[in-house]
Number of protein chains: 2
Amino acid sequence: MEAKLHYHPLIRHLLSTTDISEDNVRLLLELPIVEQDVGKGHTIVAEGDRPSRCCLILEGFTCRSRVLADGARQIVAFHVPGDLPDLQSLHLKRMDHSLTTLSPARLAFIPHEALRGLLRANHDLAESLWRRTLIDAAILREWVTSIGRKLARARIAHILCELTVRTAAVEVGNDTRIALPVTQNELADALGLTIVSVNRHLQEFRREGLLELRHRTLTIYDWSKLRHIAEFDSDYLHFTRPPDAVSVLLGERR
Amino acid sequence: MEAKLHYHPLIRHLLSTTDISEDNVRLLLELPIVEQDVGKGHTIVAEGDRPSRCCLILEGFTCRSRVLADGARQIVAFHVPGDLPDLQSLHLKRMDHSLTTLSPARLAFIPHEALRGLLRANHDLAESLWRRTLIDAAILREWVTSIGRKLARARIAHILCELTVRTAAVEVGNDTRIALPVTQNELADALGLTIVSVNRHLQEFRREGLLELRHRTLTIYDWSKLRHIAEFDSDYLHFTRPPDAVSVLLGERR
DNA sequence: CGCGTGGTTGAACTCTGTCAAACGAGGTGG
DNA sequence: CCACCTCGTTTGACAGAGTTCAACCACGCG
């Protein structure tokens, strides 16, 4: 268990984005957690729900989304392993959007009551989780900027940069390859574009030898060019320690 | 002072969006606050800054914005009196955007250190402010949805609905009139549109007898139609008490 | 009365959307 | 092992919302 804890996605995640101590993460994981495996397209919590527990993603991808009157969908966040996608439900009773899986996923649920009790007793931990929700908001600001003021090409490049950095357990560079179980349709719904447009720009990227997105795998051949097209600067993700430093910290081989 | 406190914008604001007690708001206002009057277009904190205090808006409007490489600006939030626009700086050291005034404004500054000390001692207060930042994130999700999936007409209607509800001290209805010191240019930068497009749609609204936006005053003649065009539902603002209930609570005449 | 900020207008242009159909890889069942 | 289904991707022709550029207007303030 001890050894396994070191590789827990939540630990990796909180270590890279907060000043949390390992002991405090351990306290989190000692809460009465229920694990569950669910398939792709599973609705974890729906708009209007009043959840009584928080969800932690152990494996797989999820997204938060809303559906408009005309049936159009807008994805307002992607979540990767280690994320606590609905931490907000701790203080906002009613869900104003849905949380669904984009791939088969392994989830863990932490009861609000238990979490609230722990946070009340441990102010450092409360601050770390507050900080996590603030980073989620920073990502939203970046999305607003991207959707509001960038062309489709830059938007697509930007989301790919973001997801790469957020999922990357090791440093990002050329020939980076990550599992990205996201369809072009889902990218379109996140970027305020149509699938047709996303498809055409992705093909252009491919033709330019920049990247390849196939079989749920993203391979980046020219990271610095992609970054430049996207105007991507990872500052808004507010890493306290770069992901590769976390690997070193956890004593992992690379 | 006692009487004046009742009408303090922060009190009105926190009472309408959190379960905070009046005593706790009072504790906030007893912190060593420095007030300051600034003109329009004043930069309160700039991107890259590491502020050591939080800003409270007493009077006037402010916005948070970012500027892209090509000079385009994206406004990522509007803030009205009573808001604590950079509460996030308490836990995110480096500003990833700028905070500027849209009108002459009266600001109050609360040192981080003092605020952090109070929040550490008073968990209820910490929860209330955490909740406030979560509502800011909910507004951002709404903006992403609006910018990503709605036509210009609906987007413009939506932001007008939102600002009306957020500033309204009394209930909203027909012939509602609010001070809105926001130019069409600023609306455009918030909505991911150009000033030309905003202008044309506003004229259309005016021709339809729906509303009028003139001389920094917004007058709404047909609230329910505007709401409908915008697909506006105030749920995402997560009011704990409707603004008019707060008025009653504060013993105000209407 | 002049200046400046902010609002208004018109014409040409373009990026992205719409619609509709075809393709391809992976999995399933007969 | 092939037919068949499904999900996701690809393609083409066309339409349209919003942009760009550039000029003009109007009101409020010193």
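A note on names: the letters A, B, ... follow the listed sequences, proteins ahead of strands, and every chain is numbered from 1. Bear in mind that the values here come from a model prediction, so they are computed numbers and not experimental data.
The distance between atom CG of B:L180 and atom P of C:dG6, rounded to the nearest whole Å, is 14 Å. Per the geometry, CG belonging to A:N185 stands 14 Å off C1' belonging to C:dG17, to the nearest Å. Remark: C1' of D:dT10 and CG of A:L202 are 12 Å apart, rounded to the nearest angstrom. Taking atom NZ of B:K40 as the reference point, atom C1' of D:dC29 lies 13 Å away to the nearest angstrom. Between the CZ atom of A:R206 and the P atom of D:dT9 there is a distance of 9 Å, given to the nearest Å. Look at CD1 on A:I156: it is 14 Å from C1' on D:dT9, rounded to the nearest Å. Between the CZ atom of A:R207 and the P atom of D:dT9 there is a distance of 17 Å, rounded to whole Å. B:R216 has its CZ atom 13 Å from the C1' atom of D:dC29, to the nearest Å.
The phosphate of D:dC7 (OP1 or OP2) has no side-chain N or O of A:Q184 nearer than 4.0 angstrom. In terms of phosphate contacts, A:Q203 brings a side-chain nitrogen or oxygen within less than 4.0 Å of OP1 or OP2 of D:dT11. Residue B:N199 has no polar side-chain atom (N or O) positioned under 4.0 Å from OP1 or OP2 of C:dG7.
Remark: the B:Q88 side chain and the B:H97 side chain contain an N/O donor-acceptor pair separated by less than 3.5 Å. Side-chain N/O atoms of A:T145 and A:E142 include no donor and acceptor closer than 3.5 Å. Of the N and O atoms on the side chains of B:R64 and B:Q74, not one donor lies less than 3.5 Å from an acceptor on the other residue.
Figure legend: B:R53 and B:F109 shown as a cation-pi pair, the cationic atom lying under 6.0 angstrom from the six-membered ring centre and within 45 degrees of its axis.
With salt bridges taken as basic N to acidic carboxylate O contacts below 4.0 Å, none links A:E231 and A:R153. Between B:D189 and A:R149, at least one side-chain N (NZ, or NE/NH1/NH2) sits under 4.0 Å from a carboxylate O, which counts as a salt bridge.
Each of A:L187, A:V182, A:I220 was compared with A:L213 under the side chain to side chain contact (heavy atoms under 4.5 Å, CB included) criterion, and only A:L187 meets it.
Across the helix from C:dT8-D:dA23 to C:dG30-D:dC1, the helix axis at one end is tilted relative to the axis at the other end by 40° (nearest 10 degrees, each axis from five pairs).
Taking the centre of each ring, A:H158 and A:Y236 come in below the 6.0 Å mark.
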**Report entry** Base versus backbone protein contacts along nucleotides 15-20 of chain D [heavy-atom cut-off under 4.0 Å; B, S, -]
**Finding:** --SSBB

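Side-chain proximity of A:H215 to the nucleotides C:dG7, C:dG26, D:dT10 is greatest for C:dG26.
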**Report entry** Chi angles and distances behind the side-chain hydrogen bond (donor to acceptor under 3.5 Å, both in side chains) call for B:R94, A:H238
**Finding:** CA-CA 8 Å; B:R94 190 180 174 285; A:H238 294 273; over 6 Å; no

